[in-house]
**Q** 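Starting off with a structure, shown below.
Small disclaimer: the values here were computed from a predicted structure and weren't measured. Index from 1, following the sequence.
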Amino acid sequence: MFNQIINNSMHQTKIAGIGYYVPKNVYTNTDLSHFMDTNDEWIQERTGIEERRFADRYDETTTTMGIEAAKIAIERAGITAKEVDFIVFATLSPDYYFPGCGVLLQREMGMGEIGALDIRNQCSGFVYALSVADQFVKTGMYKNVLVVGSEKHSFAMDFETRSRNVSVIFGDGAGAVVLQPTDEKGKGILSTHLHSDGADAEILAMHYPGSHANKWMKDKPAFPDQELGGLFMTPEILASGAVLPYMDGPSVFKKAVVKFPEVIREALVANNLTEKDINLLVPHQANLRISQYVQNLLGLNDDQVFNNIQKYGNTTAASVPIALCEAWEAGKIKNGDLVCLAAFGSGFAWASALIRW
């Protein structure tokens, strides 16, 4: 009976405003070939990426890009920054190791002393953040929740041949939405579905710096022999290159093409719908080949799937909101459309959200 009362009093959550921002600096595949042994054909064949955006080296940060996206989403929602009740900020590339970007955004946008929550779920970060924000709105705790996904990968990547399998994939950018309650039946976020499996966490990770002191690592850089401290960052770790992002691409691909369709179908089944009901699938822009594989597996046509990785590369937590906003601006999402968001990435963590626009 208690659950019935709670459910009856719950609102649905709608996306009231959406925005995105990408830096002006375009780097093509050919541009990257000036820094490492790679070429346009090699990159496109494996990833589908043609170019990506990189933030200004000193003037733009993960937070500042998130602010630009948030400004647009807030304006489109018909509110002001001071009316935002709560912030959920998803990123793997925060301005500081701590504190998180949420409080920096709150400060720079002149918001009140509202709560700010940072989500660290990498490529699936935005869908996780959307799910968390949805619960706050559904229960009536908050009326205007700002959800941001933003990344500045370019500051940490290694643009040498040794790291080309990783560095050619990623780009910078930000996307944001404002969530509000709606009483329109059957509209808004219908359901979200979150999963994780840490069994192979190390095959897509940035291992250092960290507090694990080699606990989980097979190849262990040296730490100084001392009683306290010296486990976070050492000259030996820096010299070894262990601070660079690591990815076993083929293994990640094999997992992604299984979990992507699984979590999409889970959302459809939960709402008594099928693949044919999807008006638009907006997948995390990890690799165009993954998106194409999933599209074929689900029997979706080209008009049912939106990809923009060709222009922006993989912007991890920012990729879903950037793609969602671009699709909406292009008129590919209309009132009443069924939109599915799905993501898979480091952790491993994967998620989906089904939205009736």
Side-chain angles (χ1 to χ4, degrees), residues 20 22-55 92-93 122-124 149 151-175 203-204 244-261 280-298 300-327 330 332 342-346:
Y20 81 98
V22 290
K24 65 180 183 301
N25 307 312
V26 177
Y27 280 78
T28 66
N29 294 338
T30 301
D31 290 332
L32 294 189
S33 71
H34 300 149
F35 299 89
M36 63 186 80
D37 182 13
T38 190
N39 60 70
D40 179 64
E41 182 182 6
W42 188 89
I43 297 171
Q44 286 207 48
E45 179 184 343
R46 287 161 177 76
T47 68
I49 299 167
E50 299 171 20
E51 60 186 42
R52 72 284 295 145
R53 305 292 182 95
F54 289 154
L92 65 76
S93 54
Q122 294 63 255
C123 294
S124 58
E151 303 287 5
K152 184 180 178 180
H153 293 119
S154 57
F155 82 104
M157 291 188 299
D158 178 39
F159 291 97
E160 295 185 19
T161 300
R162 63 181 177 177
S163 300
R164 65 181 177 180
N165 290 350
V166 175
S167 297
V168 301
I169 295 171
F170 295 94
D172 302 340
I203 69 174
L204 177 52
L244 302 175
Y246 174 79
M247 179 175 68
D248 177 349
S251 296
V252 175
F253 188 99
K254 290 176 184 177
K255 290 180 179 291
V257 295
V258 172
K259 296 306 179 183
F260 252 118
L280 194 68
L281 169 65
V282 181
H284 160 56
Q285 305 295 297
N287 184 311
L288 186 60
R289 308 305 163 217
I290 293 175
S291 294
Q292 291 170 335
Y293 182 93
V294 172
Q295 175 182 337
N296 291 333
L297 192 66
L298 296 177
L300 303 176
N301 61 48
D302 290 345
D303 290 334
Q304 289 176 285
V305 184
F306 187 82
N307 290 299
N308 63 1
I309 191 172
Q310 303 92 323
K311 297 188 296 181
Y312 304 128
N314 181 347
T315 56
T316 55
S319 82
V320 169
I322 290 174
L324 182 64
C325 187
E326 271 208 334
K332 295 182 180 294
F344 173 90
S346 175

**Q** Which class fits the ring pair Phe54 and Tyr27: parallel under 30°, tilted 30 to 60°, perpendicular over 60°?
**A**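 Ring orientation, 0 to 90° scale: tilted.
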**Q** May I ask you to test the Asn314-His284 pair for a side-chain heavy-atom distance under 4.5 Å?
**A**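 Side-chain contact under 4.5 Å: yes.
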**Q** Just jot down the side-chain hydrogen bond (donor to acceptor under 3.5 Å, both in side chains) partners of Asn308, sequence neighbours excluded, or say none.
**A**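 Asn308 satisfies side-chain hydrogen bond (donor to acceptor under 3.5 Å, both in side chains) with Glu326 once adjacent residues are dropped.
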**Q** Return the set of residues passing side-chain hydrogen bond (donor to acceptor under 3.5 Å, both in side chains) with Ser346 (not counting sequence neighbours), or none when no residue passes.
**A**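 Residues passing side-chain hydrogen bond (donor to acceptor under 3.5 Å, both in side chains) with Ser346: none at all.
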**Q** Would you give the length of the straight line joining atom OH of Tyr293 to atom CZ of Phe253, rounded to the nearest 0.5 angstrom?
**A**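 Atom-to-atom, Tyr293:OH and Phe253:CZ are 8.0 Å apart.
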**Q** Within a strict 4.5 Å, meaning less than it, do heavy atoms of the Val168 and Arg46 side chains meet?
**A**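 No; the side chains remain at least 4.5 Å from each other.
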**Q** So, the side chain of Ser167 versus the backbone of Met157: is there a donor-acceptor pair under 3.5 Å, distance only?
**A**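 No.
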**Q** Which atom pair, heavy atoms only, marks the closest approach of Val26 to Asp31?
**A**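 That closest heavy-atom pairing would be O-OD2, 3.8 Å.
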**Q** Closer than 3.5 angstrom, by distance alone: can the side chain of Asn39 be matched with the main-chain N or O of Ser33 as a donor-acceptor pair?
**A**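 Pair absent, no side-chain N/O of Asn39 close to backbone of Ser33.
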**Q** Answer yes if the side chains of Gln295 and Asp302 hold a donor-acceptor pair under 3.5 Å, and no otherwise.
**A**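 Yes, a side-chain donor-acceptor pair sits under 3.5 Å.
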**Q** Contact between Leu92 and Gln122 at the side-chain level, heavy atoms closer than 4.5 Å - yes or no?
**A**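 They are in contact (side-chain heavy atoms under 4.5 Å apart), so the answer is yes.
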**Q** So, the side chain of Gln310 versus the backbone of Glu50: is there a donor-acceptor pair under 3.5 Å, distance only?
**A**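 Looks like no, no N/O pair under 3.5 Å.
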**Q** For the residue pair Glu151 / Ser93, report whether a side-chain donor-acceptor contact shorter than 3.5 Å exists.
**A**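 Short answer, yes.
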**Q** Between atom CG of Leu32 and atom CD1 of Ile49, what is the distance when rounded to the nearest 0.5 Å?
**A**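 Here the interatomic distance stands at 9.5 Å.
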**Q** Could you measure the distance from the CG atom of Asn287 to the CD1 atom of Ile309? Nearest 0.5 Å is fine.
**A**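 Interatomic distance, Asn287 CG to Ile309 CD1, rounded to 0.5 Å: 5.5 Å.
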**Q** With rounding to the nearest 0.5 Å, note down the distance linking CG in Asp40 to OG1 in Thr28.
**A**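 Interatomic distance, Asp40 CG to Thr28 OG1, rounded to 0.5 Å: 7.5 Å.
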**Q** Rounded to the nearest 0.5 Å, what separates atom NZ in Lys311 from atom CD in Gln285?
**A**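 Separation between the atoms: 10.5 Å.
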**Q** Is the shortest heavy-atom distance from the side chain of Val252 to the side chain of Phe344 under 4.5 Å?
**A**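 Yes, side chains in contact.
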**Q** Got a donor-acceptor contact below 3.5 angstrom from the Arg53 side chain to the Gly171 backbone?
**A**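 Here the side-chain-to-backbone pair does not exist.
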**Q** Has the side chain of Asp172 got a donor or acceptor atom that lies under 3.5 Å from a matching backbone atom of His153?
**A**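 Yes, the answer is positive, given that a donor and an acceptor are paired below the 3.5 Å cut-off.
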**Q** With a 3.5 Å distance limit and no angle check, can you tell me whether Ser319 reaches the backbone of Thr316 through a side-chain donor-acceptor pair?
**A**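 Side chain of Ser319 to backbone of Thr316: a pair is present.
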**Q** Drop me the distance from Asn307's CG to Gln292's CD, to the nearest 0.5 angstrom.
**A**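 That separation rounds to 7.0 Å.
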**Q** I'd like to know if the side chain of Arg289 reaches the main chain of Glu45, judged simply by a donor and an acceptor atom lying under 3.5 Å from each other, with no hydrogens or angles considered.
**A**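 Confirmed, Arg289 side chain pairs with Glu45 backbone.
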